[in-house]
Amino acid sequence: MNKIKVMTVFGTRPEAIKMAPLALELSRRPEFEALCCVTAQHREMLDSVLNIFGLRPHYDLNIMEPRQTLSTITSKCLNGMDCVLEEAKPDLVLVHGDTSTTFAGALAAFYHKIPVGHVEAGLRTYDKWSPFPEEMNRKMVGTIADLHFCPTVTNRDNLARENITKGVFLTGNTVIDALQTTVIKDFSFTEKTLNCLDYVNRKVVLVTCHRRENYGQPMTNIMTALRRLADSFPDTDLVYPVHLSPVVQEAAHKYLNGHPRIHLIAPLAVDEMHNLMARCHLVMTDSGGLQEEAPALGKPVLVLRRETERPEAVQAGTVRLAGVEEEIIFQMAAQLLSDQVEYDKMAHAVNPYGDGKACRRITDAIAWHFHASETPPEEFSGR
């Protein structure tokens with residue numbers, strides 16, 4: 001029987017973290033011919049993930065340019081994928097999540113009448129402006145896709161409400177698979193500041209903040225709340241790997257620079273980020289992926305957004321929605337830094353996102369779909 005030619009397509013660091021273990025799983029399976037195409041929507045941050053996982057793309061569109069817009073990202077991805085798909089002629093294109101690369105990759109495959117598999121399918125906020133442009137990207141990809149790999153029951157239910165019920169598989173999230181590779185007990189950071197922090201006797205808070213919908217007043221509110229926390233809790237250090245976006249860089253340095261217990265550092269490689277997360281006390285973030293990763297490591301998460309497309313984490317108690325108002329952010333963080341009972345409630349809650357077997361379930365589902373296996377894939381139980 002001919003091998004099933006499967007092409008993974010991704011372009012940003014978060015996509016790479018979640019797709020790399022899947023690309024490697026495909027390459028290990030004898031029934032697949034695994035191809036990898038990167039758009040390099042995020043060049044530097046993408047490359048660091050590829051290096052850590054030892055993944056070498058077969059195609060690299062290298063589209064990144066200074067101050068790129070959503071339109072330029074999408075158009076360059078679409079044009080570049082045209083040539084790649086014409087040459088490679090895969091049986092299936094796998095895209096991840098909700099980036100501009102994801103949408104353009106799915107659309108390009110559709111134009112070539114190639115089936116699309118959507119990894120991390122079914123996330124919704126039902127607000128097309130938040131997160132922007134991710135909410136509409138993932139909805140449009142959901143309409144195009146033939147196979148839908150849902151991390152949770154809630155994601156599957158979201159698709160069912162949109163009359164998407166065929167080709168839907170419950171798998172867990174591949175990011176939990178990635179953590180099994182990256183977190184190491186005796187890890188040494190290349191960022192010297194991180195090696196000097198006292199993770200045992202002090203409380204280290206990991207911060208990320210970069211989303212477009214937080215630009216402007218919301219980001220000002222977040223930064224002001226962070227500085228208040230550092231001022232109010234002398235036993236606490238804040239570590240903020242600052243995103244490369246000029247808007248984020250300007251805001252972070254304007255409001256947080258110069259404080260002895262706030263450490264503004266360069267963006268971290270995925271293994272450094274995961275190992276910092278494993279050692280920190282608390283995570284404050286507007287990221288999507290960290291809402292899944294941190295609970296797997298027993299770390300409470302405060303989400304610096306007005307809503308989250310990951311309500312399972314809120315329901316499970318691993319995540320709390322802090323919003324973007326200064327006083328609420330400060331009070332919620334202060335409670336977790338001062339109230340051990342409240343902290344333990346979150347730290348010991350069960351992570352709803354996976355057991356480290358998502359990649360195996362996805363590859364099993366693809367093999368079954370293409371009749372290379374007679375056994376249907378097992379479903380993730382959600383517990």
Side-chain angles (χ1 to χ4, degrees), residues 7-20 35-50 55 57-88 90 93-112 114 116 118-120 123 125 127-145 208-216 218-219 241-252 266-267 286-289 309:
M7 176 178 285
T8 53
V9 178
F10 51 94
T12 69
R13 169 185 151 134
E15 289 172 279
I17 293 169
K18 296 181 178 184
M19 286 290 262
L35 299 175
C36 178
C37 174
V38 298
T39 67
Q41 180 178 332
H42 293 168
R43 178 80 270 172
E44 294 175 39
M45 292 187 285
L46 171 70
D47 287 347
S48 70
V49 179
L50 295 175
L55 193 60
H58 298 83
Y59 300 93
D60 189 336
L61 303 186
N62 196 29
I63 69 164
M64 185 173 176
E65 61 183 49
R67 294 191 177 271
Q68 59 193 2
T69 68
L70 296 175
S71 297
T72 58
I73 293 169
T74 303
S75 60
K76 290 177 76 172
C77 283
L78 198 56
N79 287 329
M81 287 301 303
D82 231 13
C83 301
V84 169
L85 296 175
E86 190 64 39
E87 177 183 323
V93 168
L94 289 177
V95 296
H96 180 278
D98 48 27
T99 70
S100 297
T101 285
T102 304
F103 172 56
L107 186 59
F110 169 70
Y111 284 164
H112 285 259
I114 297 169
V116 173
H118 189 195
V119 180
E120 199 177 86
L123 278 69
T125 64
D127 178 353
K128 71 178 184 179
W129 301 113
S130 182
F132 172 81
E134 288 86 354
E135 177 70 3
M136 289 308 297
N137 282 343
R138 57 192 171 219
K139 289 191 73 172
M140 292 186 289
V141 172
T143 302
I144 292 171
T208 75
C209 180
H210 69 277
R211 299 194 81 91
R212 290 173 186 268
E213 64 265 30
N214 279 342
Y215 286 6
M219 192 163 287
V242 184
H243 194 277
L244 296 176
S245 160
V247 175
V248 178
Q249 288 276 336
E250 181 179 344
D286 63 1
S287 166
E309 59 279 86

query = Do Arg138 and Glu135 sit within salt-bridge range, that is, some charged N less than 4.0 Å from a carboxylate O?
reply = yes
key: OH (Tyr215) with more than 12 external heavy atoms under 6.0 Å   = yes
request  = Using the side-chain contact (heavy atoms from CB on, under 4.5 Å) rule, take Leu107 and Met140 through it: C-alpha gap first, then chi angles, then the decisive distance, then the call.
outcome  = CA-CA 9 Å; Leu107 186 59; Met140 292 186 289; over 6 Å; no
inquiry  = The test is side-chain contact (heavy atoms from CB on, under 4.5 Å); show your working for Leu50 and Leu55 and say whether it passes.
reply    = CA-CA 5 Å; Leu50 295 175; Leu55 193 60; 4.0 Å; yes
request  = Evaluate the side chain to side chain donor-acceptor pair (under 3.5 Å) criterion for residues Thr101 and Gln41: first the C-alpha distance (whole Å), next the side-chain angles of each, then the deciding distance (0.1 Å), finally the verdict.
outcome  = CA-CA 7 Å; Thr101 285; Gln41 180 178 332; 2.8 Å; yes
inquiry  = Check this for me: Gln68, atom CD, are more than 12 non-hydrogen atoms of other residues, nucleotides or ligands nearer than 6.0 Å?
reply    = yes
task = Output, in order, the C-alpha distance, side-chain angles, deciding distance and verdict of side-chain contact (heavy atoms from CB on, under 4.5 Å) for Arg212 and Leu70.
result = CA-CA 11 Å; Arg212 290 173 186 268; Leu70 296 175; 3.8 Å; yes
query = What's the spacing between Cys83 SG and Tyr59 OH if we round to 0.5 Å?
reply = 11.0 Å
inquiry  = Before you tell me yes or no, could you show the steps for Thr102 and Glu15 under side chain to side chain donor-acceptor pair (under 3.5 Å), namely the whole-Å CA-CA distance, both residues' side-chain angles and the distance that decides it to 0.1 Å?
reply    = CA-CA 9 Å; Thr102 304; Glu15 289 172 279; 3.2 Å; yes
message = Can you give me the closest heavy-atom contact between Val49 and Ile17, atom names plus distance?
response = CG1-N, 3.8 Å
query = Which heavy-atom pair separates Pro90 from Met7 by the least distance, and what is that distance?
reply = CB-CB, 4.0 Å
ask   = Can a salt bridge be assigned to the pair Arg43 and Asp60 using a cut-off of 4.0 Å between side-chain N and carboxylate O?
value = yes
message = Quick one, Met81 with Cys37, criterion side-chain contact (heavy atoms from CB on, under 4.5 Å). Give me CA distance, side-chain angles, the key distance, then yes/no.
response = CA-CA 9 Å; Met81 287 301 303; Cys37 174; 3.7 Å; yes
